[in-house]
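Quick note: numbers below take in every heavy atom, side chains included, and nothing from hydrogens, waters or symmetry partners. Numbered from 1 within each chain, the chains take letters A, B, ... in sequence-line order.
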Protein chains: 2
Amino acid sequence: MTLQHLILGLLNYGPMSGYDLNKTFQASVQHFWDTDQSLIYRALYKMTDTGWVEYVQQVQEHLPNKKLYRLTEAGYAELHRWLAVPQPTLSFHEVWLGQLFFGAQLSNAELRTLLEARIASLRETLNVYENQVPENVSAFAEAFNAAEDMRYWLLTLDYGIFRLRGDLQWAERALRQLDE
Amino acid sequence: MTLQHLILGLLNYGPMSGYDLNKTFQASVQHFWDTDQSLIYRALYKMTDTGWVEYVQQVQEHLPNKKLYRLTEAGYAELHRWLAVPQPTLSFHEVWLGQLFFGAQLSNAELRTLLEARIASLRETLNVYENQVPENVSAFAEAFNAAEDMRYWLLTLDYGIFRLRGDLQWAERALRQLDE
DNA sequence: TGCATATATATGCTAGTGCATATATGAGAT
DNA sequence: ATCTCATATATGCACTAGCATATATATGCA
């Protein structure tokens, strides 16, 4: 259900179309929750059906019409209910750990390749988080006129960076241990 | 597809029934990949269909009959193909980060509750990883007569503990920052 | 006798995910 | 004149997940 709740959270800043929401996802929560355009539209149907959101057709000149979605009372209530309830911590479900678990089946060279690929990928993501995402977040804060909320957005970003650095550290240590 | 590949990896230690696999999951990879009994049975059908595994009916006295599954040549090949291919690092998809992102909507007390619940849950899991899981892993290594492979099992466990400690550290820091 | 538990497999139903593709308008570039 | 890109919404299909429930035998316990 989380996608729907993230949409509730974003619509709380103001009415948006599915297209806008997709853009907003990329500019804001994408660093911890990636999604797909089709999932957003389908979530919006479901939420309209449930009564959490409603829309008005917006006729546009020179552009296709759009559906402007906004929170209903019920949607606002659901957002606040969800926000305050501690969520169960889920299982890791990381594919690379599965590979490592059966690492005895692999040669040293193959294991190196796996770890090095992971390190490269983590570095790349870390670079995006440290350079690209802060810009997105600032632009997002300005567009939504929500300077105070930015503190929390940066907090989630801080977690992402902290976690990536930890994962990098661990992977580099594991790589060194492989040589012993 | 990962569940199927984890099953391939476990069947590589020897033939097992769906029931055995379920038990084995709980004793081995459960700390990074939880699953359900029904998913294992359905995965086995699919894999039989694909030709990765095959089974023989095992008639038992005093107990229900079982299907003993084992790897086919194709299954063994698929396991090794999969093991050596670096997997893309996925997005975090952590629900609690979504809550934190919209933290400006919450009171200080509600935020405290969220972080404290997370800390308690992380501590609990850490306790299991540090005390319970090593026993499971040892028992598993003995049962499967795979003392060498245990090194890698402990490596994945080490990651889990490392990560939980990091997450705890971060959550505790965030809680302190909340008081400022 | 009745109830819980372990062994063992299987199905039903609902929801969510991922990816590709369809459709349509208009703007700007080559 | 054509091609690409941005805006905007929607569907198809196959797979995956989660949870409940059905079925059957045998053992142990109260």
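Remark: of the listed residues B:T35, B:I40, B:L6, B:I40 is the sole one forming a side-chain contact (heavy atoms from CB on, under 4.5 Å) with B:L21. Across B:Y13, B:Y152, B:W33, B:W153, a single residue satisfies ring pair (Phe, Tyr, Trp, His ring centres under 6.0 Å) together with A:F101, and that is B:W153.
The A:K23 side chain lies nearest to D:dT7 when the options are D:dA8, D:dT7, C:dT7. Of the candidate nucleotides D:dG18, D:dA8, C:dC19, C:dC19 has the atom nearest to the side chain of A:D36. Here the side chain of B:Y45 is nearest to one of C:dA15, D:dA8, C:dA10, namely C:dA10. In the set C:dT17, C:dT9, D:dC19, the nucleotide with an atom closest to the side chain of A:W33 is C:dT17.
Looking at B:D179 and B:R112, a side-chain N of the basic residue comes within less than 4.0 Å of a carboxylate O on the acidic one, giving a salt bridge.
When rounded to the nearest whole Å, the span between CG of B:L39 and P of C:dA10 equals 15 Å. Regarding A:K67, its NZ atom lies at a distance of 14 Å from the P atom of D:dA8, rounded to whole Å. Rounded to an integer number of Å, the gap from B:Q58 CD to C:dA8 C1' is 13 Å. Between the NE2 atom of B:H62 and the C1' atom of D:dT25 there is a distance of 11 Å, given to the nearest Å. The separation between A:Y19 atom OH and C:dA24 atom C1' is 13 Å, rounded to whole Å. Between A:L6 atom CG and C:dT17 atom P the separation is 11 Å, expressed in whole Å. Whole-Å rounding puts the A:M47 CE to C:dA15 P distance at 15 Å. In this entry the distance linking NZ of B:K66 with P of D:dA24 reads 21 Å, nearest Å.
Where A:L63 and A:R42 meet DNA chain C, the nucleotide closest to each residue was compared, and A:R42 sits on the side nearer the 5' end. Comparing A:Q4 and B:N65 by the nucleotide of DNA chain C whose heavy atom lies nearest to each, the residue mapping closer to the 5' end is B:N65.
Backbone-only engagement by A:Q60 is indicated by non-hydrogen atom pairs under 4.0 Å involving sugar-phosphate atoms exclusively.
Between the side chains of B:E78 and B:H5, at least one donor N or O lies within less than 3.5 Å of an accepting N or O.
Remark: A:Q57 CD is packed, more than 12 non-hydrogen atoms of other residues, nucleotides or ligands lying under 6.0 Å away.
For A:S17 and D:dT9, the shortest distance from a side-chain N or O to OP1 or OP2 is below 4.0 Å. The phosphate of D:dA8 (OP1 or OP2) has no side-chain N or O of A:Y41 nearer than 4.0 angstrom.
Base pairing in DNA chain D gives the following stems of 3 or more Watson-Crick or G-U pairs, range against range and under 3.5 Å: C:1-30 with D:1-30.
Between A:F102 and B:W82, the gap from one ring centroid to the other reaches at least 6.0 Å.
Side chains of B:L83 and B:L79 form a contact here, defined as non-hydrogen atoms less than 4.5 Å apart.
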